[in-house]
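Let me begin by presenting the structure, written as structure tokens, before commenting on it.
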2 protein chains.
Amino acid sequence: MENQNISDIIESYLKQILAESQQVEIRRAEIADQFNVVPSQINYVIKTRFTIQDGYVVQSKRGGGGYIRIEKVKLLDNLDFIDSLVSAVGDHITRHDGLAVVRSLFEAGAINRRETNIILAAIDKDAVSTGDRELDQRVRAQILISILNHLRYES
Amino acid sequence: MENQNISDIIESYLKQILAESQQVEIRRAEIADQFNVVPSQINYVIKTRFTIQDGYVVQSKRGGGGYIRIEKVKLLDNLDFIDSLVSAVGDHITRHDGLAVVRSLFEAGAINRRETNIILAAIDKDAVSTGDRELDQRVRAQILISILNHLRYES
DNA sequence: GTCGTCTTGACTAATGTTGACTAATATTAT
DNA sequence: ATAATATTAGTCAACATTAGTCAAGACGAC
């Protein structure tokens, strides 16, 4: 808490705006300047913290009047929600991205807090550890897809 | 008292903070420096003295602004039951026996119907498929133990 | 001396930061 | 219209900054 890195701070700033607004539109250089970082760091923040697994869609335009727009997507409105998560998972997925998928399920109301924690335990690093990094990610994806397919039936 | 080794001293230091706070967040290198030990000794202290059996959950992050956070959790009163299931699972388990473990949890009231089905999806044959039958069973065991450990405390 | 625990450090992994270069779009000059 | 220039954002690789793993050796209780 005391020693947050600058990426976390920028993330918080943007999410604070998104808490009250459906979307946020920035000029990259302006935000970079505001937080005293190089412009490409904004791309890093967006790439690591505003993915589709997190429930965000990002659009941008270059040139004069350029912008980056981050939009929070309403997952519940989407009847293909589970399908979209299945494709987001793919055939292998990192712990970080897996966490984002489970969080999306929770925020969409598809699972409750307890269920969230159980699933996170199931895809935890130690749980899917096989001795082969690549295989770990494949197993994690399989577990998530198995659960997603189950949830498709339930609801 | 006089004969404490450095690991014990570090343990006491952290537990003293935890006596007044729900959690403690440290920078590994900082604590290592403070007690004049190599950083990996902090991992040793945590691994041997802040386990889930002791009622602690540990989270960490690497990179700039990294940290190690130790959280004190409220253990539930089903610990002996969980322990017995953990040893029943062992280091590898078949789908059939895994099913029996999950059923025990359900019948004991530790998990509800929905949670049962999520866990079954997670340890399903397809979910833990690695191409190696023996490894499948090891992964299934790891997943179950990870979940069992999460059922030890309130989250 | 043996066994279990503790200590150490080399190596690994994850995450964050920076800047040079590239690409797209808009604006201005001809 | 077209070309040149300006103004944005994107990519990528090098480097920086943290924590994790593992195995060898030291230490201590018996």
Side-chain angles (χ1 to χ4, degrees), chain A residues 1-14 24-51 54 57-71 92-100 124-137 140, chain B residues 1-14 24-51 54 57-71:
Chain A
M1 268 324 196
E2 306 88 35
N3 224 325
Q4 265 189 325
N5 60 55
I6 189 68
S7 290
D8 285 341
I9 292 169
I10 295 169
E11 174 192 5
S12 299
Y13 170 76
L14 295 172
V24 55
E25 187 172 307
I26 63 174
R27 253 181 298 138
R28 187 179 77 152
E30 196 173 87
I31 299 295
D33 198 53
Q34 184 175 329
F35 289 96
N36 224 39
V37 297
V38 296
S40 62
Q41 179 137 14
I42 307 307
N43 297 88
Y44 174 75
V45 171
I46 287 171
K47 194 175 171 187
T48 55
R49 293 154 163 87
F50 293 89
T51 69
D54 293 309
V57 169
V58 179
Q59 297 163 303
S60 64
K61 200 172 81 167
R62 308 187 195 186
Y67 59 83
I68 299 177
R69 180 163 46 220
I70 305 173
E71 190 185 352
H92 66 287
I93 189 169
T94 64
R95 204 178 105 277
H96 177 271
D97 287 346
L99 175 64
D124 188 67
K125 174 170 68 72
D126 292 336
V128 301
S129 168
T130 67
D132 175 345
R133 193 174 312 270
E134 184 69 20
L135 183 53
D136 292 358
Q137 298 196 4
R140 180 181 290 113
Chain B
M1 280 302 187
E2 296 298 303
N3 253 338
Q4 278 187 320
N5 58 46
I6 189 66
S7 289
D8 287 340
I9 293 170
I10 295 168
E11 174 192 5
S12 300
Y13 170 77
L14 294 173
V24 55
E25 187 173 307
I26 63 173
R27 255 181 295 138
R28 187 179 75 152
E30 198 173 84
I31 299 296
D33 198 53
Q34 185 176 327
F35 289 96
N36 226 41
V37 297
V38 295
S40 61
Q41 178 134 16
I42 307 306
N43 297 86
Y44 176 74
V45 171
I46 287 172
K47 194 174 170 188
T48 55
R49 293 154 162 87
F50 293 89
T51 70
D54 297 315
V57 169
V58 179
Q59 296 165 302
S60 65
K61 199 170 85 164
R62 308 186 197 186
Y67 59 82
I68 300 177
R69 180 163 43 220
I70 306 173
E71 188 188 355

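Everything numeric in this text was worked out from a predicted model, so none of it was measured. Numbers restart at 1 for each chain; the letters A, B, ... are given by sequence-line order, proteins then strands.
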Can you measure [X] atom [atom1] to [N] atom [atom2] for me and round it to whole angstrom units?
X	N	atom1	atom2	value
B:Asn36	C:dC6	CG	C1'	16 Å
B:Ile31	D:dT18	CD1	C1'	15 Å
A:Glu11	C:dG16	CD	C1'	13 Å
A:Asp126	C:dA13	CG	P	16 Å
B:Arg62	D:dA19	CZ	P	10 Å
B:Phe35	C:dT7	CZ	C1'	16 Å
B:Asn5	D:dA26	CG	C1'	13 Å
B:Asn43	C:dA13	CG	P	15 Å

Nearest to the B:Arg28 side chain among C:dT18, D:dT21, C:dA13, which nucleotide is it? D:dT21
DNA chain C nearest-nucleotide lookup for B:Gln41 and A:Thr48: closer to the 5′ end is B:Gln41
At 4.0 Å (heavy atoms only), tell me whether [X] reaches a base, stays on the sugar-phosphate, or touches nothing.
X	answer
A:Arg49	sugar-phosphate
B:Ile68	sugar-phosphate
A:Ile6	sugar-phosphate
A:Lys125	sugar-phosphate
A:Tyr44	base

Quiz question: going by heavy-atom distance under 3.5 Å, is there a donor-acceptor pair between the base of C:dG16 and the side chain of A:Ser7? no
Is it the case that C:dG19 (base atoms only) and A:Ser40 (side chain only) share a donor and an acceptor within less than 3.5 Å, ignoring hydrogens and angles? yes
I want to check something: taking the side chain as every heavy atom from C-beta on, are B:Leu14 and B:Ile26 in contact at a cut-off of under 4.5 Å? yes
Do A:Ile6 and A:Gln41 come close enough that some side-chain heavy atom pair is under 4.5 Å? yes
C:dG16 phosphate, OP1 or OP2: any side-chain N/O from B:Lys61 under 4.0 angstrom? yes
Are any of A:Arg133's side-chain N or O atoms less than 4.0 Å away from OP1 or OP2 of C:dA13? yes
Ignoring hydrogens and angles, state whether a donor on the side chain of A:Asp54 or A:Thr51 is under 3.5 Å from an acceptor on the partner side chain. yes
May I ask you to decide whether A:Lys125 forms a salt bridge with A:Asp136, counting only side-chain N to carboxylate O separations under 4.0 Å? no
Apply salt bridge (Lys or Arg N to Asp or Glu O under 4.0 Å) to A:Arg28 and A:Asp33, showing your working. CA-CA 9 Å; A:Arg28 187 179 77 152; A:Asp33 198 53; over 6 Å; no
